[in-house]
Amino acid sequence: MPHKRLFIPGPTEVRVENLAALARPQIGHRSGEFRALYASVIPKLRRLLGTEGKVFLFTSSSTGVWEAAIRNCVRERVLCCMQGAFSDRWFKVAEANGKQADPLKVEWGQAITAEMIDAELATGGYDAITVVHNETSTGVMNHLDEIAAVMKKYPDVSFLVDAVSSMAGTKIDIDELGIDVCLAGLQKAFSLPAGLAVASVSDRALQKAATIENRGYYFDLVEIAKYDAKGMTPSTPAIPQIQALDAQLDDIFEEGLEARYERHAFLAGIVRGWARRHFALFAAEGYESPTITCVENTRGVSIADLNDELAGQWAMISNGYGVLKEKTFRIAHMGDTQEWEIRGLLATIDRILGLDG
Ligand code: PLP
């Protein structure tokens with residue numbers, strides 16, 4: 001069976017060059033070769049994220065780093081911004097880890113604003129907040145710069161950010177924004193295979209973690225920091241993925257960060273224009289994501305059937321998530337996706353649905 005080109009919001013398509021990087025010979029994780037690899041990758045990630053602080057690698061999906069952020073950076077009470085499937089789930093992770101988690105909830109498709117956060121944090125009592133930058137289930141991207149400006153008023157509140165579907169697809173300047181933990185998995189806008197996640201961790205977050213009990217074992221940031229100082233990870237990491245990440249970061253810098261982010265914005269513009277012409281956008285105006293578009297199914301077409309037809313053309317999009325199934329569908333335009341691929345997909349959908357291109 002030929003490969004179906006993925007236009008789903010993760011895992012995203014991986015270029016053959018990066019697939020080849022996965023197939024390099026294995027190296028020992030306590031060897032000089034590994035330390036050289038680590039010493040190559042971490043500064044590149046710092047550059048990508050605009051941080052002088054620590055960046056750690058996690059052999060897990062993003063969910064693991066959600067748990068790490070909660071266990072290490074929430075002492076007692078956390079405010080969880082909830083606006084879709086993934087932000088809602090981070091709240092559940094906080095509760096499952098025995099923290100007092102309070103929801104700051106808006107309807108799916110809406111954004112969490114700096115004013116809402118300010119109003120909640122002003123009541124006091126919180127020592128951390130979780131924010132999902134780009135809600136993959138709704139195609140909403142919150143205005144992180146405005147939220148970060150408000151967070152400067154609350155230096156004792158750990159600022160925990162999920163940038164799972166935005167990191168490497170849009171600019172996130174960690175140090176300027178003052179984010180304590182900013183996490184992402186590599187299978188989204190990095191265009192790499194699933195299995196490795198990255199997170200920036202501020203010194204402030206590490207100092208706090210050192211005073212928090214029951215941080216667990218696998219995701220103990222204090223332990224991870226100790227090994228990071230030696231240029232390695234506490235346990236055997238996903239070495240093939242780190243090799244592919246090293247290669248992909250070189251390619252990302254070769255394209256240029258600004259150019260990469262502009263390409264994402266440009267592709268988003270194409271998909272949004274198409275969606276407005278034929279359907280409607282689900283995301284609140286002004287908060288549309290540059291990496292994924294959630295289209296409201298105003299024509300009531302069968303998204304399952306559309307995807308079956310697309311499969312015959314070796315392409316795949318995503319149905320709406322959870323309660324949004326068949327009510328919306330999602331097209332990802334992140335990672336290494338190019339204009340011709342997006343235009344080809346939209347032309348194919350036009351033909352299948354009999355729409356006027
Ligand atoms: N956060 C966001 C915004 C996501 O989109 C996802 C998955 O799509 C996750 C977290 C969870 O990622 P994973 O399933 O890789 O753990």
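Numbers for residues simply follow the sequence, beginning at 1. Keep in mind the model is a prediction, meaning the values are calculated, not measured. We count ligands from 1, going down the list as the structure has it; atoms in each ligand are counted the same way.
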**Atom-level proximity to ligand 1, residues with heavy atom under 4.0 Å** = Ser61, Ser62, Thr63, Trp66, Phe86, Val132, Asn134, Thr136, Asp162, Val164, Gln187, Lys188
**Request:** Look at the aromatic rings of Phe56 and Phe58 and report parallel, tilted or perpendicular, splitting at 30° and 60°.
**Result:** perpendicular
**Message:** Do Arg47 and Phe253 form a cation-pi contact, if we require the NZ or CZ to be under 6.0 Å from the six-membered ring centre and within 45 degrees of the ring's axis?
**Reply:** yes
**Asked** Would you say the side chains of Thr211 and Arg75 form a donor-acceptor pair under 3.5 Å?
**Response** yes
**Asked** With no hydrogens and no angle check, is any side-chain donor or acceptor of Trp90 less than 3.5 Å from a backbone partner on Trp66?
**Response** yes
**Item:** Face-on cation placement of Arg89 at Phe91 ring, 6.0 Å and 45° thresholds
**Value:** no
**Prompt:** Under 6.0 Å between the ring centres of Phe329 and Phe279?
**Reply:** yes
